Amino acid sequence: MPVRQVLDRGGVPVKVFTDDVDEASLQQLGAVSRLPIVVGHVAAMPDVHVGIGATVGSVIPTRRALIPAAVGVDIGCGMSAARLTLDASRLPDSLRPVRRAIEDAVPVGFAAHERPVADDALLDALRPGVERILERHPRVGKMLRNVRDRWPRQLGTLGGGNHFIEVCLDEADRVWVMLHSGSRGVGNVLGRHFIALARRDMERHLARLPAKDLAYLEEGSDHFADYVDAVTWAQRYALENRRLMMARILAALGTCLPPFRVAGTAVECHHNYVAEEEHFGEPVYVTRKGAIRAGRGDLGIIPGSMGARSYIVRGRGSREALESCAHGAGRRMSRSQAKAAFTAADLERQTAGVECRKDAGVLDEIPGAYKDIDTVMANSSDLVDIVHTLKQVVCVKG
C-alpha cells in the first residue's frame, strides 16, 4: 500500500504509511521534521506509535548530526530467526519441557549469567570499545556499577519488556526459532548518557528546539565522535548477544527435541539503530527507531504479538519509505493501560495454544495491547514481500 498521508508541520514532509496513527504520534513526527539537520523527508511505518524521545516506527535522515534520543536507549535492539530441519510432527505433545529448557539456558529480565558464556575471542574483540568509552566517559561506569564485570555476563541474556524467544511453525509446519533482544544494560546506560550530553551541549538552544528530547550532536562537536563510537559498539554488542543466545537456545533444544540442524542462514536485523546510507543524492545518517532496513532483497523479520503471526519478509527498496519497513505490530496501549484493561484470564484466552507464561507478570504484553499485525502487513505491501508466515507455539518473555 502506498503512502497514506503526507504531513506538513512546518519542516520536511512526513510520509505516513498508515491511517492508524494518533495525534500524539503526529505531533512527535512533526517536531522531528522541523529540526534543521533533517533532510528530504521523514518516513513513518505502518506500526507507528508514540515513543520516548521520538516516535516508534520512524525513519529519520539527518545531515552531519545525530539525535541520541531518537536512537533511544535500547541501542541495536533487533531480531534473529533460524529455521530448523524439523517439522511439527517431530515436536513433543507437551511443549512445557521445551520452554523450560530455553528458560534454563537464557537468563531473562535483569538476570545475567554467573560467569561469561561468550568465548575469549569475542570478549577480547569487544573489550577495547568498552575501555575506550569508560576512559573518555567515566560517568558511564558510575551509572552502571561494575560495568567491566557486568557487560560480559549479560552477553547471551534476553532482558525484559517486549523481548522474547519463540519456537514457531511456518506455513509448511516447519520449525523456527525466533528471538528479540538488544544491547542490555550497558546499551541503556550509553543511550541515557549521550542523551544527557546532547541536552547539555544544546542547553542554550533548547528553547528553540521543537522538543528537548530532540537535542542533537553535530559532527565536530565535543561528543559526536564518541557517540558514534558508542553506538557502533552497542550495535555490535546487541548483534553478538542475539547470536550467542541463539546458539544456547539451539543447544538447549537439542536436549529435548529429535536431532536437527539449522537450515540455511539465520535472518538477522536491527530495528533500533543508526546507519550511514545515501539518500536524496547525498550521504546521510539514517536513524531507524522501531523500523528495519528493507532495501531491495534485504531479508527482515516483522513479529506480531505473543498470540499472533509473525513474518519473514524481503524488502522492495521503497524510496518513499527510505528503504525501510515496520518492525512489528506496534503498541496500541501503554503498559499501564494494558494492565488496567485486561486480566490474567484475558491473557490466557488470547494466548490459547501457545506454551508461555499466562500470569499477571506479563499482562502488559497481552496481544490486545498491540495493533493488528495483519493490518500492519497490508499497509506494508509496497515495502516488503512476505517470504514466510510464522505462528508461535512456545514463547518465553523477558
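Everything quoted here is computed from the prediction, not taken from an experiment. Positions are given from 1, in the same order as the sequence printed here.
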Positive for side chain to side chain donor-acceptor pair (under 3.5 Å) with D74, one of H271, H163, R184: H163
Under 4.5 Å between side-chain heavy atoms, hopping through other hydrophobics if needed: is there a path connecting V38 to V16? yes
How far does CZ of R288 sit from SG of C325, to the nearest 0.5 angstrom? 9.0 Å
Can you confirm whether H327 sits close enough to M45 that some side-chain heavy atom of one is under 4.5 Å from a side-chain heavy atom of the other? no
Indicate if V394 and L253 have the same hydrophobic cluster label, given that clusters are the connected sets of ILVMFWY residues with side-chain heavy-atom separations under 4.5 angstrom. yes
Centre of Y370's six-membered ring, under 6.0 Å away, within 45 degrees of the axis: is that where NZ or CZ of R332 sits? no
Do the side chain of K371 and the main chain of V48 share a donor and acceptor less than 3.5 angstrom apart? yes
For L239, the hydrophobic cluster (side chain heavy atoms closer than 4.5 Å, chained through members) also holds none
For the pair E218 and R64, find out whether any cationic side-chain nitrogen is under 4.0 Å from an anionic carboxylate oxygen. no
Does R192 CZ have over 12 foreign heavy atoms under 6.0 Å away? yes
Check: L383 main-chain N/O paired with S380 side-chain donor or acceptor under 3.5 Å: no
Give the table of side-chain donor-acceptor pairs shorter than 3.5 Å for residues 49-61, with sequence neighbours excluded, one pair per line with atom names and distance.
residue: H49; atom: ND1; partner: D47; partner atom: O; Å: 3.0
residue: T55; atom: OG1; partner: Q28; partner atom: OE1; Å: 3.3
residue: S58; atom: OG; partner: T55; partner atom: O; Å: 2.6

Does the side chain of P36 come within less than 4.5 Å of Y216's, by heavy atoms? yes
Could you work out, with ring pair (Phe, Tyr, Trp, His ring centres under 6.0 Å) as the rule, every residue matching Y237, not counting sequence neighbours? W233
Chi angles and distances behind the side chain to side chain contact (heavy atoms under 4.5 Å, CB included) call for I67, V71: CA-CA 7 Å; I67 312 162; V71 181; over 6 Å; no
Taken to the nearest 0.5 Å, the spacing of Q5 CD from D19 CG works out to 6.0 Å
Can you list, pair by pair, the side-chain donor-acceptor contacts under 3.5 Å of residues 103-110, counting residues two or more places apart and other chains?
residue: E103; atom: OE1; partner: R100; partner atom: NH1; Å: 3.1
residue: E103; atom: OE2; partner: R99; partner atom: NH1; Å: 3.0

Is there a donor-acceptor contact under 3.5 Å from the side chain of T351 to the main chain of L347? yes
Are any side-chain N or O atoms of S334 and backbone N or O atoms of Q337, one a donor and one an acceptor, separated by less than 3.5 Å? yes
Answer with yes or no whether the hydrophobic clustering places M143 together with W151; edges join I, L, V, M, F, W, Y residues whose side-chain heavy atoms lie under 4.5 Å apart. yes
Pair R243 + E268, salt bridge at N-O below 4.0 Å: yes
Is a donor on one side and an acceptor on the other found under 3.5 Å between the side chain of R242 and the backbone of S181? yes
Let's go through E171 and K391 carefully: what are the C-alpha distance in whole Å and the side-chain angles of both, what is the deciding distance for salt bridge (Lys or Arg N to Asp or Glu O under 4.0 Å) to 0.1 Å, and is it a yes or a no? CA-CA 8 Å; E171 66 284 345; K391 180 68 178 75; over 6 Å; no
Can you check whether L169 reaches R174 side chain to side chain, under 4.5 Å on heavy atoms? no
Do M377 and I302 touch side chain to side chain, with heavy atoms closer than 4.5 Å? yes
What's the separation between atom CZ in R248 and atom OG1 in T157, rounded to the nearest 0.5 Å? 10.5 Å
Ion pair present between D298 and R314, side-chain N to carboxylate O less than 4.0 angstrom? no
Considering all heavy atoms of both residues, which atom of K289 and which atom of G72 are nearest to each other, and what is their separation? NZ-CA, 3.9 Å
Contact summary for A326 and I292, nearest pair of heavy atoms: O-CG1, 3.7 Å
Nearest atoms (heavy-atom pairs only) where R34 meets G10: CG-C, 3.8 Å
Quick one: do L155 and L126 satisfy side chain to side chain contact (heavy atoms under 4.5 Å, CB included)? Show the steps, please. CA-CA 11 Å; L155 273 171; L126 289 170; 3.9 Å; yes
Membership question, hydrophobic clusters at under 4.5 Å side-chain separation (ILVMFWY): are L66 and L214 in the same one? no
Check ion pair R335-E365 (N to O, under 4.0 angstrom): yes
Please confirm whether the backbone N or O of S305 pairs with a side-chain atom of Q392, one donor and one acceptor, at under 3.5 Å? yes
Any link between L217 and V286 through a network of hydrophobic side chains (Ile, Leu, Val, Met, Phe, Trp, Tyr) touching at under 4.5 Å? no
Is any side-chain heavy atom of L209 less than 4.5 Å from a side-chain heavy atom of L35? yes
Has the side chain of Q235 got a donor or acceptor atom that lies under 3.5 Å from a matching backbone atom of G76? no
Is it the case that the side chain of R316 and the backbone of S318 share a donor-acceptor pair, with hydrogens and angles ignored and the cut-off at 3.5 Å? no
Distance flag, aromatic centroids of Y273 and Y285, threshold under 6.0 Å: no
Nearest 0.5 angstrom please: K15 NZ to R319 CZ, how far? 11.5 Å
Within a strict 4.5 Å, meaning less than it, do heavy atoms of the I195 and V73 side chains meet? yes
Under 3.5 Å donor-acceptor, H41 side chain and E320 backbone: yes
Just by distance, no angles: are the side chains of T232 and D229 close enough, under 3.5 Å, to form a donor-acceptor pair? no
Taking NZ, NE, NH1 and NH2 as the nitrogens, is one of them in E23 or R9 under 4.0 Å from a carboxylate oxygen of the other? yes
Not counting sequence neighbours, list each pair that qualifies as a side chain to side chain donor-acceptor pair (under 3.5 Å) and has a residue in residues 111-125. D124-R127
Point-to-point distance, once rounded to the nearest 0.5 Å, from CD1 of I75 to CG of L190: 5.5 Å
Going through the distances and angles, do V186 and R150 end up as a side chain to side chain contact (heavy atoms under 4.5 Å, CB included)? CA-CA 8 Å; V186 66; R150 187 77 174 162; over 6 Å; no
Count the heavy atoms of every other residue, nucleotide or ligand shown that sit under 6.0 Å from CZ of R90, and state whether that count exceeds 12. no
May I ask you to test the Q154-N241 pair for a side-chain heavy-atom distance under 4.5 Å? no
Got a sec: does the CD of E135 have more than 12 other heavy atoms crowding it under 6.0 Å? no
Given side chain to side chain contact (heavy atoms under 4.5 Å, CB included), test V393 with E355 step by step and report yes or no. CA-CA 6 Å; V393 291; E355 172 56 48; over 6 Å; no
Partner of T62 under side-chain contact (heavy atoms from CB on, under 4.5 Å), picked from I37, V284, V274, is I37
Decide yes or no for T375 and T18: does some side-chain heavy atom of the first lie under 4.5 Å from some side-chain heavy atom of the second? no
Separation between CD of E277 and CD of E282, rounded to the nearest 0.5 Å: 13.0 Å
D170 and Y311: side-chain donor and acceptor closer than 3.5 Å? no
Going by chain and number, the hydrophobic cluster around M79 (ILVMFWY, side chain to side chain under 4.5 Å) further includes F164, W176, M178, V267, L299, I301, I312, V387, L390
